[in-house]
S.K.: 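Structure below; questions to follow.
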Amino acid sequence: MSRRRLIPLATALAALVGAALTLAQPQSGIVRPTTEPPRESVKLGAELYAGNCASCHGIAGSGILRPRPGAGNVIGAGPPLKGVGAAAADLYLRTGFMPLPDIHAQPELRRVLLSDKEIRSLVAFVASLAPGPAIPRPDPAAGSLASGFSLFTEHCAGCHQAVAQGGFVTGARVPPLHGLTAVQIAEAVRIGPYLMPRFSAAQISDAQLNSIVDYVLSTNRPDNPGGWAIGNIGPISEGILAWLTGIMLAIACIGLGRRLKR
Amino acid sequence: MSIWRWLAGAAVLLIGRILRRRRVSREDAGKSPRETSADRTQERRNVPEWAPARGTELVVAVLLLLGGLFAAGFVVVYAEFSAAKLPNELLGACIALSVAFIALALALFAHRLVPTEELEEDYPQEHPEEQREVAEIVASAGSRITRRRLLLGTGSIAGGALGLATLAPVLSLGPLWYTAPLFRTPWRRGTRLVDESGRPLSAAVIQEGSYYTAFPERGDRENIGAPLVVVRVEPSQLRLPAGRAAWAPLGILAYSKICTHAGCAVALYRKPTFRVVEPEPALVCPCHYSTFNPATGGSVIFGPAGRPLPQLPLMIDAAGNLRAAGNFSGPVGPSWWGVRLGRAR
């Protein structure tokens, strides 16, 4: 084999080894029990909680209301978790909202660092702290897409946009809802994560919630009459596009005319 | 209204009198000034008088009248319908037809009634003689207009009507004198709050961290003063302005749902899950992000709104339902020129 062929091969090999090493690194930030993890779900949850959550949420979910430096001088502060129930824990952990990189950061849809078993254990532990709302079990198949759309525009679209593209309120970003599961959507409606208001069963019944979930899931694959959706963000983008196209056409026409005159 | 009739009558009388006086003075002079000027131009006319085109004149006059008619139609349509139900297609058709007819009239006028002279020559160097000749031709060109007054009259009717049609929408900026309806709201002391489906809103239902839309039990829900946004705040967090201490029983607050900036529905409520590090609770308007603080009486904390959100005093009746304890703290709805001059009634 000639040298010329060796160099790219070696580079590719080096890149592969580098990638493998990065992937083999332990997942950042999560502290896991070093000994054989206990079988009992709640116990594993308690150990994970002590290692990953307690610096902000306090011992046994009692909360830390005044920001204070904890382990590694990281400033910690967080709401108490007694009584938030399995629903809140499940939503915050499965969406990657928690753990937060910084107490002032907004919880965002991130890569989930915990395994499914770990999440189940943590949810069981948080639920064991005090009685709270259980994980809702929505049935989108029982909902109606049409009433889901009207309920969504009434209660949700003000922040989340009509096709659930997300947006802004003053002081925070509103996440798009694509890729969320039915359970996560139902949990968010009932508990109101971060700045979102929560909606009780008196405001949105379980049947209505099924319809809303059905509609939000349908926004993952919206039909786009007319073809190009331009991000599904409404008439302003469409108008801008029409204007820009018109201006470009006009410029092209003027240019053609000039060339013809010459 | 009667003032307007008197004013219009006076204006008609005045105009009639002025016109009459002029005609009388002209007849006194013996000869009308138009005739004398015609005589004078006849003396040194280089180009023969064009044949009068009476038919074209008539067509132009009719076209101008039609233009004026459609412009007047615009004003009538505008005046006939309430601002919310203006038939845009009718308004558009009126103004388009008016402009089209006037344009047609002007085009006809320019092509058929304005004499055009052509002087074909090689490019002259400098010919004072010829130049003077051209100038004379221009100065003394003939005219085929015989009914100048007719054209002037119809022209001013068309122009005036079109001008009125363009000015009429200024009235949409708000009523000038009769502003009382803008301050009227359906809320009175004792009016029950109901939800979207008409059920009375119980104080026990209102939870912290959620938000509710409410309407008066009776009255038009389309009225701009009707919709409310109801939220509940921890009573210790309340910093209401002086005199409003009793307006929020159990920390339940009611505000007009109509933004004081441009009249959108204040449909966004931001509530912190953990208030130590998260933004304070706020009502946010999705149109231009005016942000109001419910804990301090709806004061503006961000955005283009110039007035706080009007607050409705609440009370809880014996059955535990929410009722209004009076009217709003200020006029509801978007801001207009006189909004600060009155109170909600």
Side-chain angles (χ1 to χ4, degrees), chain A residues 56-58 63-68 75-81 84 88 91-92 97-98 100 102-107 150-162 167-174 188-205 208 234, chain B residues 194-197 199-214 227 229-234 253 257 259 261 264-294 299-305 320:
Chain A
C56 284
H57 290 291
I64 295 175
L65 299 184
R66 227 166 271 149
R68 67 162 190 233
I75 304 291
L81 296 185
V84 299
L91 174 69
Y92 275 92
F97 280 0
M98 292 289 146
L100 271 187
D102 163 31
I103 55 164
H104 295 284
Q106 172 181 347
S150 78
L151 286 163
F152 187 84
T153 45
E154 192 180 324
H155 293 291
C156 325
C159 291
H160 285 287
Q161 197 259 353
F168 289 92
V169 284
T170 42
R173 291 173 298 279
V174 178
V189 169
R190 289 288 184 239
I191 69 163
Y194 195 52
L195 296 183
M196 175 174 157
R198 59 170 157 269
F199 298 87
S200 64
Q203 277 170 291
I204 296 176
S205 70
Q208 289 177 321
Chain B
V194 297
D195 64 9
E196 288 95 332
S197 46
R199 286 169 303 188
L201 212 57
S202 160
V205 169
I206 311 292
Q207 293 178 346
E208 257 178 66
S210 191
Y211 86 116
Y212 306 79
T213 301
V229 51
V230 181
V231 295
R232 185 166 182 167
V233 174
E234 174 70 32
L253 298 143
K257 201 175 177 170
C259 182
H261 168 232
C264 293
V266 178
L268 280 59
Y269 181 52
R270 140 190 126 181
K271 73 99 191 75
T273 295
F274 182 50
R275 63 172 57 243
V276 178
V277 293
E278 292 172 14
E280 58 195 330
L283 293 160
V284 184
C285 174
C287 285
H288 310 98
Y289 290 107
S290 289
T291 306
F292 306 92
N293 190 344
S299 56
V300 182
I301 48 180
F302 180 82

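Note: hydrogens, waters and symmetry copies are ignored here, and every other heavy atom, side chains too, is used. Residue numbers begin at 1 in each chain, while the letters A, B, ... track the order of the sequences.
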S.K.: Where is the tightest heavy-atom contact between B:Ser210 and A:Pro197, given as atom of each residue plus distance?
M.R.: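 It is CA-CB, 4.0 Å.
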
S.K.: Measuring from atom CD of A:Gln203 to atom OG1 of B:Thr213, what distance do you get when rounded to the nearest 0.5 angstrom?
M.R.: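 Answer for the CD-OG1 pair, A:Gln203 versus B:Thr213, is 8.5 Å.
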
S.K.: Could you tell me which non-hydrogen atom of B:Phe302 sits nearest to which non-hydrogen atom of A:Thr170, and how far apart they are?
M.R.: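 The answer is CD2-CG2, 3.3 Å.
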
S.K.: Give, for atom OG1 of B:Thr273 and atom OH of A:Tyr92, the distance between the pair rounded to the nearest 0.5 Å.
M.R.: 4.0 Å

S.K.: Please classify the contact of B:Tyr211 with chain A as side chain, backbone, both or neither, using a heavy-atom distance under 4.5 Å.
M.R.: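 The answer is both parts of B:Tyr211.
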
S.K.: At what distance, to the nearest 0.5 angstrom, does OH of A:Tyr194 lie from CZ of B:Arg270?
M.R.: 9.0 Å

S.K.: Do you know the tightest heavy-atom contact between A:Ile64 and B:Phe274?
M.R.: O-CZ, 3.4 Å

S.K.: If you take all heavy atoms of B:Leu268 and A:Cys159, which pair is closest and at what distance?
M.R.: CG-SG, 3.2 Å

S.K.: Heavy-atom distances under 4.5 Å only: say whether A:Leu100 touches chain B with side chain, backbone, both or neither.
M.R.: neither

S.K.: Ignoring hydrogens, what is the shortest heavy-atom contact between B:Lys271 and A:Arg198? Give both atom names and the distance.
M.R.: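 Looking at all heavy atoms of both residues, the shortest contact is CE-NH1, 4.2 Å.
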
S.K.: With chain A as the partner, which of B:Pro279, B:Pro286, B:Ala267 has the greatest number of non-hydrogen pairs under 4.5 Å?
M.R.: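 Most heavy-atom pairs under 4.5 Å with chain A: B:Pro279.
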
S.K.: At a heavy-atom separation under 4.5 Å, does A:Pro193 approach chain B through its side chain, its backbone, both, or neither?
M.R.: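 It is the backbone, since no side chain atom gets that close.
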
S.K.: Where is the tightest heavy-atom contact between B:Val276 and A:Pro67, given as atom of each residue plus distance?
M.R.: CG1-CD, 3.9 Å

S.K.: To the nearest 0.5 Å, tell me how far B:Arg275 CZ sits from A:Leu65 CG.
M.R.: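 Taking CZ in B:Arg275 and CG in A:Leu65, the distance rounds to 11.5 Å.
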
